[in-house]
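Structure record follows, encoded as structure tokens.
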Amino acid sequence: MLAGLHILSAFLCIVLAGLPREGSALVVRDASPITLPIARRLNVTGAANLVKLDQARAKTLKARPKAGAERSPRATIFDAPVTNQAVDYVATVGVGSPPTEYSLLIDTGSSNTWVGAGKAYVRTETSQATGNLVEVTYGSGFVFGCIGEAFTDSVTLADGFVVQDQTIGAAIDDEGFDGVDGIIGIGPVDLTCGTLIPALTECIPTVVDNAFTQGLISAHEIGISFAPTQSLEDTNGELTFGGIDETKFTGPLTFVPITSTSPANTFVGIDQTVTYGSAGTTVLAMTSGITDTGTTLLLLASDAFATYQTLTGGVPDDDTGLLRLTPDQFANLESLFFHIGNTTFEFTPNAQIWPRALNTAIGGQPDSVYLIVNDLGSNSGEGLDFIDGMTFLERFYYVFDIANSRVGFATTQFTDATTN
């Protein structure tokens with residue numbers, strides 16, 4: 001389902017379906033923040049595959065139907081470092097007791113969590129069968145899903161930060177997950193509704209939901225910090241469970257509500273306008289779309305992308321599938337401006353290009369300039385008209401405030417970086 005998940009066929013997976021037990025005591029922990037690193041990884045050949053995978057993912061997200069208590073005092077904030085490996089982000093997560101460590105893709109566009117694509121799921125004394133199966137679909141064209149027996153188990157995100165009774169998937173058969181073991185879904189919980197069989201009416205609390213319910217974190221939110229990279233593998237990000245890390249951003253944190261427009265409101269969706277250059281030329285009029293760590297590129301509705309291509313002069317590159325600029329065109333490239341709520345965020349010319357140090361890794365030429373803005377695959381007006389993917393989010397601090405159904409953005413030291 002992620003841009004880096006180049007799945008070409010369906011697979012089965014066993015899922016640990018962990019719903020909190022009614023009446024169980026909450027654990028209130030008072031501790032220092034805990035860091036979970038996330039790393040960027042490249043696992044496709046050629047950006048042409050990235051474009052196709054991102055477009056397939058977008059098609060599935062747009063088609064996905066929307067699924068139809070009192071709190072105790074909370075304790076602290078837990079941080080988790082993230083490694084960037086050029087296409088998607090992964091974190092090391094422990095499952096079971098004693099925990100087996102798995103490398104899981106970070107995804108705000110899904111909410112189920114599963115393991116076993118690479119390293120097999122290991123049952124321990126904390127594994128409990130529930131009698132359910134689970135099935136999740138992650139793509140279209142590059143389709144895969146998972147179905148299997150449901151269990152509950154413990155999940156260790158950092159030393160001393162253990163979530164009990166969490167849903168995890170243990171793959172029996174899979175394709176396309178070289179170098180990773182599965183997914184940790186941190187999107188809206190509604191995305192899990194209908195994935196259990198036969199309990200189709202039930203939803204599965206996410207790792208963040210259960211951490212909050214169990215008193216492990218002080219707020220029902222997650223902060224995400226990325227950074228541009230010039231290497232194929234780089235631990236250059238961080239997940240903050242239960243709050244924000246104020247050391248990771250420089251400007252004010254601006255929040256906007258989750259959009260009310262369907263189907264974008266099923267995900268971490270927002271409303272925004274996109275303009276180009278000092279003249280303020282409209283590329284994409286005010287509309288709804290989503291923010292998504294599982295999409296590599298910045299995707300705009302086809303009509304908006306055509307406008308952007310005309311403004312930049314970019315031409316499609318046969319080797320990568322991305323737009324390519326000449327040196328003179330790049331010298332004249334102007335910023336994109338994202339108008340989100342009452343705040344305008346500048347997306348600089350350097351932010352709009354693929355890291356040139358990684359050109360050959362995606363099948364491009366070392367000295368060429370490739371744009372990371374691409375075609376969503378459908379025209380605007382369909383309720384999900386853009387996806388602000390990883391290459392956008394790397395330039396800003398990003399918060400999903402689950403409790404208040406809102407999304408936050410702030411500038412960082414990397415917003416104006418020229419590293420690409």
Side-chain angles (χ1 to χ4, degrees), residues 1-8 11 13 15-16 36-44 49-50 53-54 56-58 60-61 80-95 100-121 134 136-139 142-146 155-157 166-171 174-188 191-192 195 206-208 222 224-226 229 232-239 241 267-268 290-297 387 389-391 393-394 398 400:
M1 138 169 226
L2 302 174
L5 309 186
H6 46 300
I7 305 306
L8 305 178
F11 69 88
C13 73
V15 172
L16 315 169
L36 175 61
I38 50 180
R40 199 182 190 194
R41 63 182 300 276
L42 180 71
N43 70 340
V44 299
N49 284 347
L50 296 183
L53 286 163
D54 277 0
R57 175 178 172 87
T60 297
L61 295 180
V82 184
T83 299
N84 179 335
Q85 300 175 326
V87 171
D88 44 38
Y89 281 88
V90 298
T92 300
V93 175
V95 177
T100 300
E101 290 191 341
Y102 299 94
S103 179
L104 303 183
L105 299 162
I106 307 300
D107 190 13
T108 58
S110 72
S111 302
N112 293 77
T113 297
W114 62 271
V115 303
K119 184 185 298 183
Y121 168 59
V134 67
V136 185
T137 301
Y138 289 108
F142 295 83
V143 179
F144 79 95
C146 66
V155 173
T156 301
L157 298 175
Q166 179 60 50
T167 297
I168 306 297
D174 68 273
E175 296 180 28
F177 282 85
D178 296 341
V180 295
D181 300 314
I183 295 174
I184 178 169
I186 55 175
L191 294 175
T192 70
T195 60
T206 68
V207 171
V208 185
I222 186 166
I224 305 176
S225 170
F226 298 136
T229 184
L232 292 179
E233 251 182 86
D234 185 14
T235 301
N236 65 336
E238 171 181 292
L239 297 181
F241 292 90
F267 305 93
V268 188
I290 68 172
T291 56
D292 182 29
T293 62
T295 298
T296 300
L297 305 172
I387 298 181
M390 292 187 326
T391 45
L393 297 173
E394 285 175 344
Y398 171 49
F400 177 29

Grab the two heavy atoms, one from [X] and one from [Y], that are nearest each other, plus how far apart they are.
| X | Y | answer |
| --- | --- | --- |
| Thr113 | Gly185 | OG1-N, 3.2 Å |
| Gly187 | Phe400 | C-CE2, 3.9 Å |
| Gln166 | Val207 | OE1-CA, 3.4 Å |
| Pro188 | Val268 | CD-CG2, 4.0 Å |
| Gly109 | Asp292 | N-OD1, 3.3 Å |

Is [Y] close to [X] at the side-chain level, that is, under 4.5 Å between some pair of heavy atoms?
| X | Y | result |
| --- | --- | --- |
| Ser111 | Ile186 | no |
| Lys119 | Thr100 | yes |
| Leu61 | Ile290 | yes |
| Ile183 | Asn112 | no |
| Leu157 | Val93 | yes |
| Leu104 | Asp181 | yes |
| Ile184 | Leu105 | no |
| Asp54 | Ile387 | no |

- Residues that Thr192 engages under side-chain hydrogen bond (donor to acceptor under 3.5 Å, both in side chains), provided they are two or more places apart: none

- With sequence neighbours left out, what residues match Thr206 under side-chain hydrogen bond (donor to acceptor under 3.5 Å, both in side chains)? Asp209

Say you draw a straight line from [atom1] of [X] to [atom2] of [Y]; how long is it, rounded to the nearest 0.5 Å?
| X | Y | atom1 | atom2 | result |
| --- | --- | --- | --- | --- |
| Glu101 | Thr92 | CD | OG1 | 6.0 Å |
| Ser110 | Phe267 | OG | CZ | 9.5 Å |
| Tyr121 | Tyr102 | OH | OH | 7.5 Å |
| Met390 | Thr291 | CE | OG1 | 13.5 Å |

- Determine whether the side chains of Thr293 and Tyr89 contain a donor N or O and an acceptor N or O closer than 3.5 Å. no

